[in-house]
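Report on the structure given below.
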Amino acid sequence: KIFLRGDTTGFKRWWGITTVLGFLFLVGQLVAWRQLVADGVYLDTNPSSSFFYVFTAAHGLHLLGGVIALAIIPLVKGRRITRKTATSVAGLYWHFMDGLWVFLFAILIMGR
C-alpha cells in the first residue's frame, strides 16, 4: 500500500529492509550448513539430516527467487513492464511464499 499511495521514500526503505533481510537469511543458512558439515552432519548422514538439507534448500531457492525479484524492481524503467506491475508481481510472489510456509508449518504440526 505504501507504493500505491505514492510514498516512494517509505517504499524504498521497506523494500531495502526486505531485500537485506532476505539476503541475510540466505547467508545465515549457508553458515548453518557449514556448521553442520563441520560437525560431520551431511545430506546422507541420516533421514533427519537429509530432510533438513532438502527442506532448507527448497526454502533457500524460493527465497533467492524473491530476493532476485526485489533486486530487479529498481531496474525496471517502464519499457515492457512498469515499476508498479513489477512491485505487484514481487508482492504476489512474497505473499504466495507466506501462504506456502503457513501451510507447511500446519502440515508439520499436524504430522507430529
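Counting begins at 1 with the first residue of the sequence.
Here OH of Tyr53 is found 7.0 Å from OG of Ser49. Values are rounded to the nearest 0.5 Å. Expressed to the nearest 0.5 Å, how far CG of Leu26 lies from CD of Gln29 amounts to 8.0 Å. Between the CD1 atom in Ile73 and the OG1 atom in Thr85 there is a gap of 11.0 Å [rounded to 0.5 Å]. Separation of atoms CG (Leu92) and OG1 (Thr87) is listed at 11.0 Å; rounding is to 0.5 Å.
Clustering of Ile, Leu, Val, Met, Phe, Trp and Tyr side chains at separations under 4.5 Å places Met97 together with Phe51, Phe55, Tyr93, Phe96, Leu100, Trp101, Phe103, Leu104, Ile107, Leu108, Met110.
Considering every non-hydrogen atom in both Val76 and Arg83, the closest pair reads O-NH2, 3.0 Å.
Residue His62 places its NE2 atom among 12 or fewer non-hydrogen atoms of other residues, nucleotides or ligands, all under 6.0 Å distant.
Both Val54 and Leu30 sit in one connected hydrophobic cluster of ILVMFWY residues. Membership requires side-chain heavy atoms under 4.5 Å apart, directly or through other members.
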Quiz: residues 36-45 side-chain donor-acceptor pairs under 3.5 angstrom, not counting sequence neighbours:
unit_1, atom_1, unit_2, atom_2, d
Asp39, OD1, Gln35, NE2, 3.3
Asp39, OD2, Gln35, NE2, 3.4
Thr45, OG1, Tyr42, N, 2.6
Thr45, OG1, Tyr42, O, 3.1

Show me the donor-acceptor pairs, under 3.5 Å and distance only, between side chains in residues 16-24 and residues at least two apart or in other chains.
unit_1, atom_1, unit_2, atom_2, d
Thr18, OG1, Trp14, O, 2.8
Thr19, OG1, Trp15, O, 2.8

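Contact check for Trp94 versus Leu70: side-chain heavy atoms found under the 4.5 Å cut-off.
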